[in-house]
There are 2 protein chains.
Amino acid sequence: MDSPDLVMAPERGRLKMADIARMAGVSISTVSRALAGNPLIPKALRDQIVEIAQTHGYVVNQSARSLRLRKTDTIGVIIPLAHEAGQTISDPFFLEIVGRLADEITRRDYLVLLNKVITTEPGWLDRIIQSHRADGLLIIGQSTQHEALNSVADTYRPMVVWGATMPGHRYCLAGSDNREGGRLAVSHLIARGRRRIAFLGEVDAPEAVQRFEGYRKGLDEAGVAFDPALVIPSHYTRGDAQRAVEGLLASGVQFDAVFAFSDVLALTALTTLQRAGKRVPEDVAVVGFDDILLAQHSTPPLTTIRVDLEAGARTMVDLLFRRMAGASSPSTISPVELVVRESA
Amino acid sequence: MDSPDLVMAPERGRLKMADIARMAGVSISTVSRALAGNPLIPKALRDQIVEIAQTHGYVVNQSARSLRLRKTDTIGVIIPLAHEAGQTISDPFFLEIVGRLADEITRRDYLVLLNKVITTEPGWLDRIIQSHRADGLLIIGQSTQHEALNSVADTYRPMVVWGATMPGHRYCLAGSDNREGGRLAVSHLIARGRRRIAFLGEVDAPEAVQRFEGYRKGLDEAGVAFDPALVIPSHYTRGDAQRAVEGLLASGVQFDAVFAFSDVLALTALTTLQRAGKRVPEDVAVVGFDDILLAQHSTPPLTTIRVDLEAGARTMVDLLFRRMAGASSPSTISPVELVVRESA
DNA sequence: GTGAAAGCGCTAACAG
DNA sequence: CTGTTAGCGCTTTCAC
């Protein structure tokens, strides 16, 4: 019943190299070489084989290729999440850095394997490395995993971590100057006459610790006393930050400024304060960190510490490819910059 | 020279199942079964083998597993880009939908393979499918690839496309009601007394066509004449949109409102108009489409057509997994909603 | 130049 | 319950 046309239609099923070889009347090896552009095969034959493969929609099976070659042409982008924080990949900061990384990786004809991991499960990193799904790993944020990272760094080279320098880190790190950022933010607030500056954020991950140290340093430099009552712990989610700020307001502790760990937290603080009847910056000034896209568009626009994510992503990918090629590569800390808008 | 401690240190090299088998004194099959939790192997032995694997940091090689099993536990997320548009993954709309999809996919213990493709290269879709890197495909936006999608749909089932319904589409589609969205936007503007409403965007991809049709319909319903001079083509990038709006201003064509294809374009229009001394919404009202996060935070906040991306992503992933399980699944169009803020 | 054959590391049918 | 064995589809050494 089949019409000849249907029989002629390109077979879209599971073709393999052997099928192409049969059609071309050559061996599998020859097809493999031809498809790889190996000059050992005369150009005419090569073109003919490529042509046959193309008309039949044949493409090399990557699982087989990866198994044989021990390479995947894929970069794993790992987002370590603390389970309890309930943070998702949809967080604007992650999204922005992932987007930049994806652009950079794609430009080098590699694929991006996105991987959200719960760091409370021990061995998470080994599991990713040993699964051999990627030729290299980009870790977005150390979270609390400094030790885990250090312990694989000696044996697993193609890995670059975005985060903060820790004493004795042996993994390749890229990041921004968190301590200086914190100092800049607080100095700016103090220059604007603020003295009761709250720190909003969780002081657990190294980046947070360093931003907090910068906060302390800024205070010290100006001779402003540190008040523990002004440290308000909050996870990285909006809900949590809102509760934290409401708690501060309810506590009766006086404050005239908030320096937040991130723009996401700062923006939440902004709206929470405004909803509570505070004027920003008149009653309370707010400074964030990261300079995500949203920061420019809030009302009032957010004063923040700018991290150049585009450059950061490019650096990470550069470092990674250098390591994948066998070279070593130094850790890199890029400078930050105070962007004064209207919230402080 | 090696100290015993070093010799005892867990070997982090390329272990394979055979190594674990040797250590456990069993065959490779037994290890394979034990690691897969196969109840055929007595629990005690199973635990012992898992223990050995764990202490030595052994993890199954996924290339080998995928080759054998013909499955990868990976979902490909494809972002088709028209080459000339210069659009990157860093576009806020893509980022938001990718983030949502990644959350959904991760929740099902699959990995996300991010894939930016240039659709001007013929055979791009076949190439992705036949490379067998993913068990299913999510395509973000039909772009101009309706035919390409249709032609694989009959033979390749596990694929879901985000976009607009096209006559005779045979692939599974999820999307929002673009035509109704366009109509709602224009009706709202007309209700606010606007009559000279410009349409900003490229009318190429089906989604754009339908939004444009809704625009026409809204005009018709109110008996407002359509003026071709008010259609301003613009690619999806900021630079292009800015040039387009500046062109409109320079042309001298009168207009009192802009309905943009997307929020990204609308936000660019907003700032471009303001920089040109126009007040929004007093002089020119602006309505966008998508309701990206930024839309709430612009000054003034953007009136827009809300697409529920979280629900949309969930739907796409649901449909895909149903198809991967062999079931068929219907295309789904979700409703849109007018969100009135202050720009119109 | 080209092909035969080995093997990348794994799973599962089959045999015991 | 456990082991032997045959591939999954590819690349590359080695021999011709």
Side-chain angles (χ1 to χ4, degrees), chain A residues 11-50 52-53 56-74 126-135, chain B residues 11-50 52-53 56-74 127 129-135:
Chain A
E11 169 65 273
R12 199 58 114 323
R14 264 196 131 73
L15 281 175
K16 42 179 174 171
M17 240 176 216
D19 300 318
I20 306 300
R22 200 168 345 93
M23 296 180 207
V26 296
S27 74
I28 299 182
S29 327
T30 302
V31 175
S32 175
R33 290 184 182 115
L35 260 30
N38 189 325
L40 237 49
I41 311 291
K43 177 126 178 45
L45 179 55
R46 235 192 299 158
D47 290 347
Q48 186 192 331
I49 292 174
V50 168
I52 292 176
H56 291 264
Y58 169 77
V59 177
V60 172
N61 178 315
Q62 291 302 319
S63 297
R65 184 169 201 275
S66 298
L67 175 59
R68 178 63 230 235
L69 255 33
R70 294 158 170 248
K71 76 195 275 304
T72 58
D73 300 319
T74 300
D126 268 320
R127 214 150 35 235
I128 291 171
I129 294 172
Q130 299 297 334
S131 71
H132 295 292
R133 274 194 212 255
D135 298 340
Chain B
E11 170 66 273
R12 197 59 114 325
R14 263 197 133 72
L15 281 175
K16 44 178 172 174
M17 239 177 218
D19 300 318
I20 306 300
R22 202 170 343 92
M23 296 179 207
V26 296
S27 76
I28 299 182
S29 333
T30 301
V31 175
S32 175
R33 291 186 182 112
L35 260 30
N38 189 325
L40 239 49
I41 312 290
K43 176 128 180 46
L45 179 55
R46 235 191 300 159
D47 290 348
Q48 186 192 331
I49 292 173
V50 168
I52 293 175
H56 291 264
Y58 170 77
V59 177
V60 172
N61 179 314
Q62 292 300 321
S63 297
R65 184 169 201 272
S66 298
L67 176 58
R68 179 61 230 235
L69 255 33
R70 293 158 171 248
K71 76 196 275 305
T72 57
D73 300 319
T74 299
R127 214 149 36 234
I129 293 172
Q130 299 296 334
S131 70
H132 295 290
R133 275 194 213 255
D135 299 339

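Note that the structure is a prediction, hence the values are computed from the model and not measured.
Taking only side-chain atoms of B:Ser27, from C-beta outward, the nucleotide of C:dC10, D:dT4, D:dT12 with the closest atom is D:dT4. Here the side chain of A:Pro42 is nearest to one of C:dT2, C:dG9, D:dT11, namely C:dT2. Between C:dT2, C:dC10, D:dC10, one nucleotide has an atom nearer to the side chain of B:Val60 than all others, and that is C:dC10. When the nucleotides C:dT2, C:dT11, C:dC8 are ranked by their closest atom to the side chain of A:Leu45, C:dT2 comes out on top.
Nucleotide C:dC10 holds its P atom 15 Å from the CG atom of B:Asp73, rounded to whole Å. Computed from coordinates, the A:Gln130 CD to C:dC10 P distance equals 10 Å when rounded to whole Å. Straight-line distance from the CD1 atom of B:Ile41 to the P atom of D:dC1: 9 Å, rounded to whole Å. Atom pair A:Asn38:CG and D:dT13:C1' shows a separation of 13 Å (rounding to whole Å applied). Atoms CD (B:Gln62) and P (C:dC8) sit 18 Å apart, rounded to a whole Å. Separating the CG atom of A:Leu69 from the P atom of C:dG9 is a distance of 12 Å, rounded to the nearest angstrom. At whole-Å resolution of the value, CZ in B:Arg22 and C1' in D:dG3 are 16 Å apart. Atom CZ of A:Arg133 and atom P of C:dC8 are 21 Å apart (whole Å).
OP1 and OP2 of C:dG9 both lie 4.0 Å or more from every side-chain N or O belonging to B:Arg65. Phosphate proximity of D:dG9 to A:Tyr58: absent, as no side-chain N or O sits under 4.0 Å from OP1 or OP2. Regarding contacts with the backbone of C:dG3, every side-chain N or O of A:Ser29 stays at 4.0 angstrom or more from both OP1 and OP2.
Remark: of the listed residues A:Asn61, A:Leu15, A:Val59, A:Val59 is the sole one forming a side-chain contact (heavy atoms from CB on, under 4.5 Å) with B:Gln130.
Looking only at distances, no side-chain donor or acceptor of B:Arg33 sits under 3.5 Å from a matching main-chain atom of B:Asn38.
Between the side chains of A:Ser63 and A:Ser66, no donor N or O sits under 3.5 Å from an acceptor N or O.
The distance from atom CG of B:Asp73 to atom CZ of B:Arg65, rounded to the nearest 0.5 Å, is 6.0 Å.
Here A:Ile28 lies in heavy-atom contact (under 4.0 Å) with a base. Here B:Thr30 lies in heavy-atom contact (under 4.0 Å) with sugar-phosphate atoms only. Within the nucleic acid shown, B:Arg70 comes within 4.0 Å of sugar-phosphate atoms alone, with no base atom in reach, counting heavy atoms only. B:Leu67 comes within 4.0 angstrom of a nucleotide base, judged by non-hydrogen atoms across all strands.
Take the nearest nucleotide of DNA chain D for A:Lys16 and for B:Arg33: the residue whose nucleotide is more 5' is B:Arg33.
The existence of a salt bridge linking B:Arg22 and B:Asp19 is confirmed by a sub-4.0 Å separation between a basic side-chain nitrogen and an acidic carboxylate oxygen.
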